[in-house]
Amino acid sequence: MSTSSQPQFRYTQTPSKVLHLRNLPWECAEEELVELCKPFGKIVNTKCNVGANRNQAFVEFADLNQAISMVSYYASSSEPAQIRGKTVYIQYSNRHEIVNNKSPGDTPGNVLLVTIEGVEPNDVTIETIHLVFSAFGFVHKIATFEKAAGFQALIQFTDAETASSARNALDGRSIPRYLLPDHVTSCYLRISYSAHTDLNIKFQSHRSRDYTNPYLPVNPTAMEGLLQPVVGPDGKKQEPQSNVLLASIENMQYAVTVDVLHKVFSAFGTVQKIAIFEKNGGTQALIQYPDVTTAAVAKESLEGHCIYDGGYCKLHLSYSRHTDLNVKAYSDKSRDYTISDPSLLATQVPGLPAAPNAWQNPQGVPVHHGTDYSASAAIQGQPPAGQVPAWDPNFQARPPYGSVTGQTYQSLTAPTYVNAARPAGSSPLSQPGASSMPMQQQQQPQPPWANVRQGGAAVLGRPPYYSR
DNA sequence: AGCACA
């Protein structure tokens, strides 16, 4: 902070395109400023409400001579410059351009930056935010994050007009109390415009949503945040035991299929469900046991071990926060072994339960496959049987391609490959007789909200966000 | 009445 850094005399004006106007009336509008100045030239920028009293302003002309003409005119005029009858004092500014006339947050755009004050991130769900802002138009995307400023959300509308209507209505307002947890006393929204025009949402999760693409992959790890945060009795975070294990597969040189995982994890007890997914470029899987004890044994036994010799497909296990996976009964990435007796599924059982809870498993009970899959399996080159990757220390490293299951669920395998091989729309499941399960062709992961509604299958097919 | 923003 050196005084010599300001060598120019403060009140000695060298000409500038920028004029400094002071003694302006309270909250002088930009229009009033322009009215006063535009007879002298083209105004390219202004800044109003400057100074502690907000009664100063800057006006920048396109050309220096225009500014000079204005200053000269009023220097020799008998009538001072006036706005609303107040004399306005005009000088050259000591700067030569107006910078940051508008802060970026005041430049309208279709994306709002919302800071939610007075709440913890867990107090306001993305659903609540969506609800509040949807009142002004279709909300395309939402991304939430925690920064120094607090809990913030980027909310993408179709256009700046919609965004500004939301901003005008909600800025400084509070989210309705009934949408908030009881312990939240106040929750004020500070809204500005983001410079973004299109948010890049990679996953549906508890922190981000893309309502234009309901079938965007769900990030299962992120979705765990939907559950209660886990805090031990001592107040510290802990990893609670669970009947569901989260397996990260490292150095996955060979394909790890549902069948392989089933074989490996079945060594410790009944495996109920398996789901495989990609996360951060790696492969992870969720393996569900009936009880925590079995999961704990499997975790202790398998942690750090490799599915194949040579350090291939090394397992890292932790407890998932899930307790009951909602997975497609048959897909190349998931399996629900609890759906019913596999031996029944292999054969056509016309009256097999239409399953009161069939909507929870949109892939449904594949009673319609009939003879179809045997042919498709052949097309896929799947041998009827093959080497089973066993949990055997002597097991030779070998890609499990073509590996087929043991007798127990061999029959389950074929429909999986059938579904994977068949283009959407050609599934026999879409035949009229299958109308009770309308969404069976949806191969994408279910949006997380799909399974919380009754009749979720129908909701999945036509999310409410398409209703506009 | 006396020079902004972030």
Side-chain angles (χ1 to χ4, degrees), chain A residues 1-109 111-117 145-154 164 167 171-172 188-197:
Chain A
M1 194 59 109
S2 165
T3 52
S4 62
S5 65
Q6 298 286 336
Q8 75 269 35
F9 293 105
R10 190 169 180 129
Y11 306 132
T12 301
Q13 304 96 27
T14 56
S16 165
K17 297 189 309 233
V18 181
L19 299 183
H20 176 223
L21 296 86
R22 57 185 202 273
N23 200 36
L24 294 166
W26 172 247
E27 290 193 344
C28 174
E30 181 186 36
E31 291 70 34
E32 298 173 284
L33 215 56
V34 171
E35 281 304 308
L36 177 69
C37 302
K38 73 179 182 186
F40 302 94
K42 178 175 171 54
I43 297 161
V44 296
N45 214 343
T46 66
K47 176 145 191 70
C48 304
N49 299 319
V50 168
N53 296 328
R54 297 169 60 83
N55 62 350
Q56 303 175 42
F58 297 93
V59 172
E60 178 178 342
F61 283 100
D63 187 86
L64 176 64
N65 289 329
Q66 297 166 349
I68 291 172
S69 72
M70 183 168 183
V71 169
S72 302
Y73 175 84
Y74 285 110
S76 58
S77 170
S78 55
E79 290 290 318
Q82 290 187 335
I83 291 179
R84 293 185 223 165
K86 268 195 94 178
T87 297
V88 175
Y89 299 88
I90 303 172
Q91 295 174 287
Y92 298 111
S93 172
N94 54 22
R95 301 194 198 180
H96 288 82
E97 63 179 354
I98 293 177
V99 296
N100 278 343
N101 175 46
K102 291 188 174 86
S103 67
D106 288 331
T107 304
V111 178
L112 296 179
L113 172 62
V114 180
T115 303
I116 306 174
E117 299 178 340
F145 46 91
E146 288 178 71
K147 283 286 174 59
F151 185 41
Q152 294 187 307
L154 289 164
S164 69
R167 182 180 117 119
D171 191 19
Y188 290 99
L189 303 174
R190 300 294 172 205
I191 305 178
S192 61
Y193 295 102
S194 166
H196 290 94
T197 57

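Just so you know, these numbers use all the heavy atoms, side chains as well, and skip hydrogens, waters and symmetry mates. Letters go in sequence order (proteins before strands), and every chain restarts at 1.
Of the residues near DNA chain B, A:Arg22 and A:Arg95, the one whose nearest nucleotide (by heavy atom distance) lies more toward the 5' end is A:Arg22. Nearest-nucleotide assignment on DNA chain B puts the 5′-proximal partner with A:Lys86, out of A:Val18 and A:Lys86.
Note: CD1 (A:Ile90) to C1' (B:dA1) measures 13 Å, nearest angstrom. With rounding to whole Å, A:Gln13 atom CD is found 17 Å from B:dA1 atom P. Separating the CG atom of A:Asn23 from the P atom of B:dA1 is a distance of 5 Å, rounded to the nearest angstrom. In this structure, A:Asn53 atom CG and B:dA1 atom C1' are separated by 10 Å, rounded to whole Å. Distance CG (A:Leu24) to P (B:dA1): 12 Å, rounded to an integer number of Å. The nearest whole Å value for the distance from the NZ atom in A:Lys17 to the C1' atom in B:dA4 is 17 Å. Separating the CG atom of A:Asn45 from the P atom of B:dC5 is a distance of 14 Å, rounded to the nearest angstrom. The interatomic distance linking A:Lys47 (NZ) with B:dA4 (P) rounds to 11 Å, in whole Å.
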Point to revise | Residues A:Phe40, A:Tyr73; criterion ring pair (Phe, Tyr, Trp, His ring centres under 6.0 Å); working and verdict | key: CA-CA 9 Å; A:Phe40 302 94; A:Tyr73 175 84; 5.5 Å; yes
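A:Glu97 comes within contact range of at least one nucleobase, with a heavy-atom separation under 4.0 Å.
With rounding to the nearest 0.5 angstrom, the CG atom of A:Leu64 is 8.0 Å from the NZ atom of A:Lys17. Here the straight-line distance linking atom NZ of A:Lys47 with atom CG of A:Leu21 works out to 14.0 Å at 0.5 Å rounding.
No side-chain donor-acceptor contact under 3.5 Å links A:Gln56 to the backbone of A:Gly51.
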